[in-house]
Amino acid sequence: MTTKNRQSWSSRLTYVLTVAGATIGFGATWRFPYLVGENGGGAYVLLFCIAMIVIGIPMILVENVIGRRIRVNSIDAYGGEANGKKINPAWKILGYMGLLGSFGILAYYMVLGGWVLTYIGSLITGNLDLSAPVTNELTSTFYSDHIQNSPVSILLYTALFVLANYIILAKGVMDGIERSVQYLMPILFVFLLVMIVRNVTLPGAMEGIKFYLVPDFSKITPKLFVFVLGQVFFALSLGFGVLITLSSYLDKKENLVKTATITGVVNTLIALAAGFMIFPSLFTFGVAPNSGPTLVFQSLPIVFSHMPYGTVFATIFFSLLMIAALTTSLTIYEVIITILQERTRLSRKQSIAVTLGVIFVLGNIPSVLGDSTWKDFTIMGKSIFDTFDYVSGNILFILTALGGAIFVGFVLKDEAKKELGASESFTKIWFNYVKYVIPVIILVIFYNSL
């Protein structure tokens, strides 16, 4: 197992931007806002910030240590030697679980990308006209006609999103992912800023800001906190193998604690910023903040239609979602591609073609048809789309993260402490926390997610 030819990120900033791109995705721009709206606004936000400290940053360090230790793919990262002994190959099961989870999330995630492209295309062509106020009936009908009941159209848009990923991935980790992130993330930040400024300057915006930031302490319960802890896993792509894969390209001289802290803070700030571009406008135009997963696709178009230049701002908003989705899908794909490339005789381009092709046929197509032609076919009472989401996010990723914490605490031991490279006092606190406390927290999350 050699890492002599493995490249390293050009700078810490590039790595942090890449991880930020990997972790903001739909988790920050779609999932986080609607969960805030459903769960008491400011109360959820406060618990999210606490959860990032309690489990987010410590677990980023867990995956950083595993990934950088021998600088290989996310399956072989659980191999090699530790403390002078060969690691039992059975630990690689964790890598395979992360692989399956990555397949599951991409199976439906790329379809969400197809949805967003549908909205962008419809806004540009005028098929969805938001230049004048529209009703909930109109946005619901549009969603039904163009998302739920147009499988061919959605498949074409999904294929277009997959093609964009292919073009970037084919250039390699540094020339493809690193370079694209250097351009895409600044554009995303500019779009985010434009949307925030537009929203917070609306009349009545302060009510939305108050809902978003001022916690109603009666809403804070142990069950909600456990729920928020689970969202942090989704928000940070923990258990996907993403951070392990990206960390395998980290230079050995890099300060992992500083890098992990910056990663956690940036992710939190971007998630918080997403709320500022949504909630002020909801309250200004009297749209319910607790409309669930359809908040972005059915409720927000109503809001944009009441704004001057609503179509323009809606196009910017959905373009922001598109960039966020792209920077995330690239890194999740890379988990599988790196595994194929390093564990088979396939070249990088062959690995990319196999990965994207198999996921499209076995994941993306069933996810699209599961909401239309195959909607009567369910697994555990869930559609194919929702099953991919549930099994990946509620089972595989959480169990993989649990295994990662146990692997660091009980297998790597002194090797993990050495790889962390922090002060003796910090290392001792982090290591014991990861070994004894984190597994209990994850088990509680897992129990409540079933």
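Nearest heavy atoms, Ala51 versus Leu229: CB-CD2, 3.6 Å. Looking at every heavy atom in both residues, Thr245 comes nearest to Gly241 through OG1-O, 2.7 Å. For the residue pair Thr315 and Thr311, the shortest heavy atom distance occurs at OG1-O, 2.7 Å.
Judged purely by distance below 3.5 Å, without hydrogens or angles, the side chains of Thr387 and Tyr108 never pair a donor atom with an acceptor atom. Side-chain contact annotation: Ser248 with Asn73, donor-acceptor N/O pair under 3.5 Å absent. Side chains of Ser140 and Gln298: a donor-acceptor N/O pair is present below 3.5 angstrom, by distance only. The closest side-chain donor-acceptor pair between Ser281 and Asn199 falls under 3.5 angstrom. No side-chain N or O of Thr158 forms a donor-acceptor pair with one of Asn364 less than 3.5 Å apart.
Judged purely by atom type and a 3.5 angstrom limit, Thr327 uses its side chain to pair as donor or acceptor with the backbone of Gly21.
By the 30° and 60° cut-offs, the orientation of the rings of Phe297 relative to Tyr119 is tilted.
Side-chain contact between Lys92 and Asp76 is present, with at least one heavy-atom pair separated by less than 4.5 Å. The side-chain heavy atoms of Trp430 and Ile57, taken from C-beta on, include no pair separated by under 4.5 Å. Contact annotation: the side chain of His146 approaches that of Asn127 to within less than 4.5 Å [non-hydrogen atoms, C-beta and beyond]. For the pair Asn267/Met52, a side-chain contact is recorded, criterion being any heavy-atom separation below 4.5 Å from C-beta on. The side-chain heavy atoms of Glu419 and Lys252, taken from C-beta on, include a pair separated by under 4.5 Å.
Among the candidates Tyr78, Phe407, Phe410, the single residue satisfying the ring-ring contact (aromatic ring centres under 6.0 Å, His included) test with Trp91 is Phe407. Of the residues listed (Phe234, Phe103, Phe240), the one engaging Phe397 in a ring-ring contact (aromatic ring centres under 6.0 Å, His included) is Phe240, and it is the only one.
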Assess whether side chain to side chain donor-acceptor pair (under 3.5 Å) is satisfied between Tyr15 and Thr263, documenting all intermediate values.
CA-CA 9 Å; Tyr15 171 74; Thr263 301; 5.5 Å; no
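Of the charged side-chain nitrogens involved, none lies within less than 4.0 Å of a carboxylate oxygen, so that Glu415 and Arg68 do not count as a salt-bridged pair.
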